[in-house]
Amino acid sequence: MIRPRPAGFWIRALAALVDFVVFFVVYSSFKVLGMRLTGVDAESADALKPMASFFTLVFAGAYTSVLHHLAGQTIGKMLVGVRVVAGEDGPPPFGTALLRFIGYFASAGTFTLGFVMAGLRHDKRALHDLIAGTRVERTKEPEAAPPPPTETPGPVVADAV
């Protein structure tokens, strides 16, 4: 069995960037919804930032934990072709996925060195992967090398004596 390659730092960063775009859309939606529900105008909307940030954080935790548990991938990971696995190549259980999300704060709290670890370690695991016991792999199987060509015997020529 060919084991998938671990996903390195840059491909994971690209997946995170896509997910942050999703989070920004959610944050903006919560903020607009709050403005409409409370009747606050755009100039006074700064008062809604903490609440919109809190709900976006809750959404981000649910989004990453549920999607990692169900498919091993968030939308960003699906687009770049990587997945989170635990144990024997299956998606992580929900508790492990939630622990991995909480581990993001440990990765960020070390001046983001916890994320950089994915680029420095041979197994490409970041701090939150080590905390949760997960790894991130590429979903595309490496192509097996084609079998070497077999030599076909040429015509048999009888030795003339």
Side-chain angles (χ1 to χ4, degrees), residues 1-34 45-46 48-151:
M1 175 181 164
I2 299 174
R3 190 139 188 96
R5 289 187 341 198
F9 175 80
W10 292 111
I11 195 162
R12 292 170 67 157
L14 182 59
L17 182 66
V18 171
D19 289 333
F20 285 137
V21 168
V22 171
F23 300 153
F24 178 75
V25 169
V26 169
Y27 170 79
S28 299
S29 300
F30 280 138
K31 196 170 169 187
V32 168
L33 182 65
D46 287 344
L48 297 173
K49 283 183 180 179
M51 187 172 295
S53 297
F54 173 75
F55 283 119
T56 303
L57 180 66
V58 171
F59 171 82
Y63 168 86
T64 57
S65 299
V66 170
L67 290 180
H68 284 157
H69 168 64
L70 294 177
Q73 298 175 301
T74 59
I75 293 171
K77 287 180 178 67
M78 287 178 202
L79 291 176
V80 300
V82 298
R83 68 184 177 142
V84 176
V85 294
E88 293 299 317
D89 300 337
F94 182 77
T96 302
L98 183 61
L99 179 61
R100 188 173 191 276
F101 173 74
I102 294 167
Y104 288 153
F105 296 99
S107 290
T110 58
F111 303 103
T112 68
L113 290 176
F115 295 111
V116 174
M117 287 173 59
L120 301 176
R121 291 177 51 99
H122 181 359
D123 62 358
K124 305 297 183 191
R125 293 173 73 192
L127 180 59
H128 51 275
D129 290 314
L130 295 172
I131 290 170
T134 59
R135 62 188 185 281
V136 180
E137 297 177 342
R138 295 178 182 266
T139 56
K140 298 177 180 137
E141 295 287 329
E143 294 186 22
T150 57
E151 293 185 29

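Values below: every heavy atom of this structure, side chains too, minus hydrogens, waters and symmetry copies.
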Student check: side-chain heavy atoms of [X] and [Y] closer than 4.5 Å:
X    : Y    : value
M117 : T110 : no
M78  : V18  : no
D123 : R135 : no

Return the minimal non-hydrogen interatomic distance between [X] and [Y], and the atom names on each side.
X    : Y    : result
K124 : A118 : CD-O, 3.0 Å
G34  : L48  : C-CD1, 3.6 Å
L99  : I131 : CD2-O, 3.7 Å
P4   : R83  : CG-NH2, 4.4 Å
Y27  : T56  : CA-OG1, 3.2 Å
G114 : A126 : O-CB, 3.2 Å

Do the ring planes of F94 and H69 sit parallel (below 30°), tilted (30 to 60°) or perpendicular (above 60°)?
-> perpendicular
Looking only at atom types and distance, does a side-chain atom of [X] sit under 3.5 Å from a main-chain N or O of [Y], one as donor and one as acceptor?
X    : Y   : value
S65  : A62 : no
T134 : A86 : no
Q73  : L67 : no

Find the distance between [atom1] ([X]) and [atom2] ([Y]) and round it off to the nearest 0.5 Å.
X   : Y    : atom1 : atom2 : result
L17 : L79  : CG    : CG    : 11.0 Å
K31 : D46  : NZ    : CG    : 6.0 Å
T64 : R100 : OG1   : CZ    : 8.5 Å

Sidechain N-carboxylate O distance under 4.0 Å for D129, R12 | yes
Centroid-centroid distance, Y63 to F23, less than 6.0 Å | yes
Run the ring-centre check on F101 versus H128 and record whether the distance is less than 6.0 Å.
-> no
